[in-house]
Amino acid sequence: MQTMIKLEGEWKLQLDGDKKGLVLPYTDTIQLPGTTSYARKGPKNEEVLISALTDEYLFEGQAWYSREIEIPEELAGLSCRLYLERTRMTTLYIDGKEIGSRDSLNTAHVYDLGRLPAGSHTVTVCVSNTGYPTKGGHMTSPDTQTNWNGITGRMELQFFAESYLSGIRLTPDVATRSLRISAKLEGSAEGVLTVSAASFNGDAVNAAGHVAAAQTYVLTPGDFDVEYSLGPDALLWSEFAPNLYNVSLALSTGEGVAADRNELVFGLREFKADGDKFAINGQKTFLRGKHDGLIFPLTGYAPTDVEEWVRILGISKSYGINHYRFHTCCPPEAAFTAADLLGIYMEPELPFWGTVTEPSDDNHNQAEQDYLVSEGYAILQAFGNHPSFVMMSLGNELWGSRAKIDSILKEYKEFDSRPLYTQGSNNHQWVPEILEHEDFFCGVRFSRSRLFRGSYAMCDAPLGHVQTAVPGTLKDYDDQFVPPAMATGADVGTGTGGEIQIQYGTEAKTVQADDASGEWIPHIPVISHEIGQYATYPDFEEIAKYSGPLKAKNFEVFRERLEKNGLGHLAAKYFAASGKLAAACYKEELEAASGPSGLPGSSCWIFRISAVRAPHWLAFWMLLWTPKA
């Protein structure tokens with residue numbers, strides 16, 4: 001890319017809740033990036049949600065955004081693209097002419113505009129937040145970042161010369177201290193690519209940094225792969241030392257004429273499954289993870305600036321967190337960039353919480369399935385260069401065809417082998433199996449009674465040791481991973497078939513378990529799924545802190561109920577007592593997961609935390625808990 005024109009600022013706005021189409025003239029304006037809810041546009045929402053925060057200015061439908069742009073003479077001959085980061089389903093119009101539509105919930109919407117003539121042009125973007133190709137998981141759910149309408153990230157016109165690089169992929173090779181650069185040379189002319197790299201965030205030991213020697217490569221139009229050596233002294237990236245490089249890709253054509261320049265951040269690392277453990281650059285690591293559903297009540301949407309994500313992830317890392325699993329969602333690029341800087345292992349997930357079916361199955365929806373698979377490819381292409389992007393999941397608590405799920409894994413691994421893959425988080429809850437093409441397993445049990453989580457919902461019983469046993473310090477999951485009878489080769493039976501009731505979303509569902517597998521011992525790393533789901537009584541003092549578009553009206557209802565029953569004076573004591581109990585339960589969970597001997601497979605503490613569950617207790621239990629050596 002040669003240059004850009006930023007499009008942030010004031011845009012004309014027309015709300016179209018009934019999707020009747022644009023009606024001129026525009027009647028309002030809005031500041032973008034942002035959302036209609038954050039800008040308090042549209043009628044005030046009178047509904048009061050109990051299970052989630054209430055979006056005070058909830059708008060669902062089409063919103064039309066428009067503004068005038070000026071193309072200077074010097075850019076009129078260049079190829080132009082419109083880049084819209086983090087939006088919903090969009091349709092683009094230039095000077096009243098429809099250009100096309102995009103529907104990714106996870107990645108930027110990019111439109112090829114060709115060469116725009118110099119002068120004034122009208123850019124109109126219609127954003128729809130209803131009728132998605134899929135339900136959207138926590139990308140659109142009211143109990144997380146809400147179903148907002150708007151554009152929340154970078155908005156820019158990007159201009160390219162006749163020749164430029166597209167689809168750049170950086171693949172690290174720790175063994176040879178090098179990276180493979182794969183891309184496509186667009187245009188008809190040959191080019192010379194000059195690659196250079198320099199570290200920029202060395203630690204105290206590597207304060208002087210490291211500079212790799214520049215190398216040049218002659219390219220012909222089309223796809224290419226080149227190997228670039230960083231040298232034997234290259235610095236490695238990990239949670240322990242997140243060393244990063246600025247990699248410069250300078251393309252010239254003709255008589256050394258500069259055509260294109262790309263600056264990318266790169267981390268040299270190898271994150272892999274080493275038997276039943278995870279290893280980063282050959283060093284075993286234990287994942288200490290957090291569930292994240294992109295909950296940001298002060299805005300109603302996830303931030304897209306690096307500084308805010310550095311602040312957020314930095315708080316987590318200060319308490320020992322080194323891993324983020326994003327529940328049925330993918331964070332913006334700024335989150336990956338911040339994780340690169342801090343050394344946090346990221347695991348995005350497809351926005352799906354349901355059943356994967358075969359064409360012959362009832363209620364099969366091929367269009368939805370194709371869309372979800374395409375979202376996975378888009379996520380890999382958009383964020384795969386980040387060293388922090390080390391894992392990927394196909395969804396949360398999936399049911400359905402194991403064969404189809406495994407075939408999707410196989411295709412993803414063939415497309416991009418850089419991250420580790422799992423079939424999903426807690427798939428086939430009571431009757432799980434390890435699939436052929438997954439690199440790690442995430443769940444809560446290996447069979448009905450072989451549990452490796454401390455507590456369970458009643459619809460997911462039997463209950464766990466935190467719920468049924470006397471508190472202690474000696475609990476571990478060794479016998480669940482390798483039961484003594486299995487260690488001696490004895491027959492321990494098979495899983496239970498018939499109908500079972502399972503947790504399905506936030507409700508319960510009855511399913512057939514006739515495909516229950518026999519008992520098995522995991523041979524790959526295991527991550528425990530969403531441990532520590534302990535509710536606390538609300539702190540009503542927090543109500544005033546919800547100063548953004550999302551209001552804690554549910555807290556107000558809870559307070560009214562308490563006062564109606566003459567118990568209002570006990571609110572603070574209920575809050576303190578339930579919090580103390582939750583902290584004790586968290587402590588019990590964490591000690592079981594980390595010792596005495598540790599899990600045979602690396603485990604992970606993934607928390608389901610929302611405003612309803614008082615998120616500040618995450619910090620509280622960490623203050624009380626000291627990890628075992």
Side-chain angles (χ1 to χ4, degrees), residues 50-53 143 288-293 295 297 315-316 319-321 327 426 444-445 451-477 480 503 506 508 528-543 545 552 554-596 603-628:
I50 300 300
S51 61
L53 298 173
D143 56 337
R288 306 175 301 279
K290 179 190 179 304
H291 163 294
D292 197 285
I295 305 169
I315 293 171
S316 291
Y319 286 118
I321 293 293
H327 183 307
N426 199 25
V444 300
R445 52 164 52 89
L451 313 178
F452 55 95
R453 191 170 77 179
S455 65
Y456 295 79
M458 286 304 300
C459 67
D460 202 22
L463 302 181
H465 64 90
V466 174
Q467 298 161 299
T468 60
V470 175
T473 60
L474 299 180
K475 174 66 180 178
D476 62 48
Y477 298 119
Q480 281 70 38
Q503 183 179 342
T506 57
S528 52
H529 172 262
E530 296 182 6
I531 75 169
Q533 298 190 54
Y534 302 109
T536 65
Y537 198 81
D539 178 9
F540 298 135
E541 296 297 320
E542 290 184 350
I543 293 175
K545 296 182 179 181
N554 49 352
F555 281 26
E556 296 175 7
V557 172
F558 303 152
R559 182 174 59 186
E560 291 170 4
R561 291 174 180 171
L562 197 68
E563 292 174 347
K564 183 178 179 180
N565 287 278
L567 300 173
H569 62 289
L570 296 176
K573 292 184 178 180
Y574 287 159
F575 169 63
S578 63
K580 189 172 183 178
L581 175 61
C585 292
Y586 278 131
K587 184 174 184 289
E588 185 85 1
E589 282 264 23
L590 301 181
E591 289 185 338
S594 60
S603 187
C604 172
W605 313 322
I606 298 181
F607 306 92
R608 180 196 296 275
I609 298 174
S610 70
V612 178
R613 294 185 173 92
H616 51 274
W617 283 112
L618 171 63
F620 183 83
W621 67 253
M622 285 181 169
L623 292 175
L624 298 180
W625 176 77
T626 302
K628 297 183 178 181

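Proximity of Leu567 to Tyr574: side-chain heavy atoms (C-beta onward) are separated by under 4.5 Å at one or more points. In this structure, Glu530 and Asn426 have side chains that are not in contact, with every pair of non-hydrogen atoms separated by 4.5 Å or more. Between Ser455 and Glu589 the shortest side-chain heavy-atom distance falls below 4.5 Å. Within the 4.5 Å cutoff, the side chain of Tyr319 has no heavy atoms near those of the Arg288 side chain. The side-chain heavy atoms of Tyr537 and Leu570, taken from C-beta on, include no pair separated by under 4.5 Å.
When every heavy atom of Ala582 is checked against every heavy atom of Thr536, the shortest pair comes out as CB-CG2, 3.6 Å. Here the closest non-hydrogen pair linking Val470 and Glu588 is O-OE2, 4.4 Å. Heavy atoms only, all atoms of each residue included: Arg453 and His465 are closest at O-CD2, 4.2 Å. Nearest approach of Gly454 to Tyr477, heavy atoms of both residues: N-OH, 3.6 Å. A pairwise comparison of heavy atoms in Leu463 and Gln467 identifies CB-OE1, 3.3 Å as the closest pair.
With sequence neighbours excluded, the residues satisfying side chain to side chain contact (heavy atoms under 4.5 Å, CB included) with Ile543 are Phe540, Phe555, Glu556, Arg559. For Leu451, the side chain to side chain contact (heavy atoms under 4.5 Å, CB included) partners at least two apart in sequence or on another chain are Arg445, Tyr456, Pro462.
Here Thr473 contributes atom OG1 and Glu591 contributes atom CD; the two are 6.5 Å apart, rounded to the nearest 0.5 Å. One finds the CZ atom of Phe575 at 14.0 Å from the NZ atom of Lys580 (value rounded to the nearest 0.5 Å).
Using modelled atom types, no side-chain atom of Glu563 and backbone atom of Gly568 make a donor-acceptor pair closer than 3.5 Å. Of the possible polar contacts, one joining the Asp539 side chain to the Glu541 backbone as a donor-acceptor pair under 3.5 Å is found.
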task = Test Leu590 against Ile531 for side chain to side chain contact (heavy atoms under 4.5 Å, CB included), laying out the working first.
result = CA-CA 9 Å; Leu590 301 181; Ile531 75 169; 4.0 Å; yes

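Using a cutoff of 4.0 Å between basic side-chain nitrogens and carboxylate oxygens, Lys564 and Glu560 are not scored as salt-bridged.
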